[in-house]
Number of protein chains: 2
Amino acid sequence: MNNSLTLKDIAKALNLSISTISKSLNDSHEISIDTKKMVLEYAQKQHYSPNRLAKGLKEGKSRSIGVVVCSLDNNVIAQMLDGIDKFSTDKSYQIIIMQSKESPIQETACIELLYAGGVDGILISPACETVDFSYLQSLQDSGLPVVLFDRLSDQIETHKVGADNFKGAYDATIHLIKNGYKNIAHLNTNTILSIATERVNGYKQALADSNIPFRPELLRSCDYSDTQKLNADLEESIKYYMTLENKPDAIFTAADQISTKCLVLLNKLGFSIPGDIALIGFTNTDLAEAFSPSLSTVHQPAFEIGQLAAQKLISLIERKNHAPEFETIMLETNIKARSSSDFKTVN
Amino acid sequence: MNNSLTLKDIAKALNLSISTISKSLNDSHEISIDTKKMVLEYAQKQHYSPNRLAKGLKEGKSRSIGVVVCSLDNNVIAQMLDGIDKFSTDKSYQIIIMQSKESPIQETACIELLYAGGVDGILISPACETVDFSYLQSLQDSGLPVVLFDRLSDQIETHKVGADNFKGAYDATIHLIKNGYKNIAHLNTNTILSIATERVNGYKQALADSNIPFRPELLRSCDYSDTQKLNADLEESIKYYMTLENKPDAIFTAADQISTKCLVLLNKLGFSIPGDIALIGFTNTDLAEAFSPSLSTVHQPAFEIGQLAAQKLISLIERKNHAPEFETIMLETNIKARSSSDFKTVN
DNA sequence: CTGTTAGCGCTTTCAT
DNA sequence: ATGAAAGCGCTAACAG
């Protein structure tokens, strides 16, 4: 620790008691204006700042919140963290970020560490393979506020903030259909989290509403927990698609990594986009327009999701509402149509 | 705060004194094996975890380190944070990340907050316009370890860890020259930080070593503190370059945002890359290969920089070396040649 | 080997 | 209006 000046020091310097100093700095009514002024001035001049640990210990809270994400090195996540940071900082909460690296085990370790570290609440976007929320639930039951963001789950009851994945997937699929594509493949992740099923459902619904039969062989999922496996699964899937007798004319990808990697792979394998196959996918990178070809995307309001999640958590911590009625908030996504899904040219 | 079970609780339950419990849990030699075992077992069963705040208060340290960066939403930074996180977590330090958003004022606010929050040390990559390091220096003088990473400065004496920007720039320029380009423009940022001048110097040296005269009009800088301004400056610079009678046949860009935006802009303005003009730039995004055309880059060992910076800071905190001899470590960059700087075709 | 005690910096009764 | 004292959970010097 670094900090030097304490209440005691000020008290000594001003020939007052510690409690008088404390009360003055907290603007208590039982201190005379003159004394307050004097103390405040001295404190400012000496750059006094209260010891956070002592205050936290005394008050039983740390004014810090723990954030658990799969990875820092990820566009969408970074933008969400930005939002979380903005709101938390405004409310004078510090955020402590930890990474699960898509490992449920490491995720639990993060949560334990944060809990032991005395955070006032936890904000979490679970690893894609997390299935067991009982530990988190038990923490919540014992009084620790928890809010899910980005990747939601039905396995725990609390505030949840994410994108409207069903609608995003629906819109993306409809976009492809409107642009003349009828054989639409869908590449998703191998997670049980609702984020994946919602996107699949949006995709299916769009097909149904357009009277296009759903072809199970066009729906595939890739192992998202490991880059190696993801690359392998992706390549296998694309090759599989392109060797079908009735092969797809478009792919809708449901995850950041998959979308961008898919474009790279299609290029590498020599397929022309959108000539041989069109592409649209979830991802938030603003580099999508620099791609070859520029990539059509489903864009999530990531910053807003982060902000809102932080707001929900802090309201829970400060118990603005005494009987918390949990809500699930889903923010609208946004289709950014670019060249990779241009109108189908008849051939 | 959340945590419930305390030493007192355990002491009561086991009919021992608080200090016996404390010593047992700290594996003190002055406690009998039996007692230790009993205490440990009980503690584990009850999921005891020490109160971090109390411990920190008592020991005068928080086992947390503050990290100040310009932004979370940035490839290179995210990778560095990843490295910092890895090392810190391994050493049981928590990291508290704050963003300056390229504002020196906000940066100072972050530092103050971290200091007041009782971090054991600060890791900082300064905002590009930061010129005054006196506050940071005063904190360091008063005993708070500080380590600079990524963007270094001569204005403060401490450990510094970054990329070898001179060499990176030199290599990039030589790469262009070897591929047949002779009129090489250089786009940099408007910062005083050494990161910019080193890159300029590397560029100039490469020209000199290749007997190519340096043309001042080909060296320009853009305001990096604001996206609007950056875009404007960038567009102006490119247009300026392309209207010169003796216009450049290649551009070397010295910053992440500039490199990718430059590619987008050149495409938008209708210039062919590398036909009309070649391009190579600093950036770490692995999406560079998906660009149109794939972008040649100078890649920084960002993860390693983060790790090493964290290591240096923690060694300072734990005073492994009593008389700290400050060092500046510069890690090698890596040229990734792609299509945007392919061999010049004679025309 | 175990227990008592003081104190880290702060807030908060409860006196004065 | 000000101050004394207790206590948040923990460690460590000192007693026993």
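Per chain, numbering begins at 1; letters A, B, ... match sequence-line order. Every value quoted in this text rests on a predicted model; they were computed, and no experiment measured them.
On a pure distance criterion of 3.5 Å, a polar donor-acceptor pair joins the side chain of B/Ser19 and the base of C/dT4.
At whole-Å resolution of the value, CG in B/Leu25 and P in D/dA12 are 13 Å apart. We find that CG of B/Asn26 is positioned 10 Å from C1' of D/dA12, with the value rounded to whole Å. We find that NZ of B/Lys58 is positioned 17 Å from P of D/dG7, with the value rounded to whole Å. In this structure, CD1 of A/Ile33 is placed 12 Å from C1' of D/dA1, rounded to the nearest angstrom. Rounded to whole Å, the distance from CG on B/Leu53 to C1' on C/dC8 is 13 Å. Atoms CG (A/Asn15) and P (D/dA4) sit 11 Å apart, rounded to a whole Å.
Among the heavy atoms of the strands lying under 4.0 Å from B/Ser22 is at least one base atom, whether or not backbone atoms are also near. Residue contacts shown for A/Lys8 are limited to sugar-phosphate atoms, with no base heavy atom under 4.0 Å away.
Distances from the side chain of B/Lys23 to the nucleotides D/dC10, D/dC14, D/dT11 place D/dC14 closest. You'll find that the side chain of B/Ile31 is closest to C/dT2, out of C/dT11, C/dT2, D/dT2. For A/Ser32, the side-chain atoms get nearest to D/dA1 when compared with the rest of D/dA1, D/dT11, C/dT2. The side chain of B/Asn51 approaches D/dC10 more closely than any other nucleotide in the set D/dG7, D/dC10, D/dT11. Ranking C/dT13, C/dC10, C/dC8 by closeness to the B/Leu57 side chain, first place goes to C/dC8. Taking every side-chain heavy atom of B/Glu59 into account, D/dT11 is the closest of C/dG3, D/dT2, D/dT11. When each of C/dC14, C/dC10, C/dT5 is scored by its nearest atom to the side-chain atoms of A/Lys55, the top-ranked nucleotide is C/dC10.
At least one donor-acceptor pair under 3.5 Å links the side chain of A/Lys160 to the backbone N or O of A/Ser153.
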Quiz: residues 65-72 of chain B side-chain donor-acceptor pairs under 3.5 angstrom, not counting sequence neighbours:
unit_1	atom_1	unit_2	atom_2	d
B/Ser71	OG	B/Asp73	N	3.0

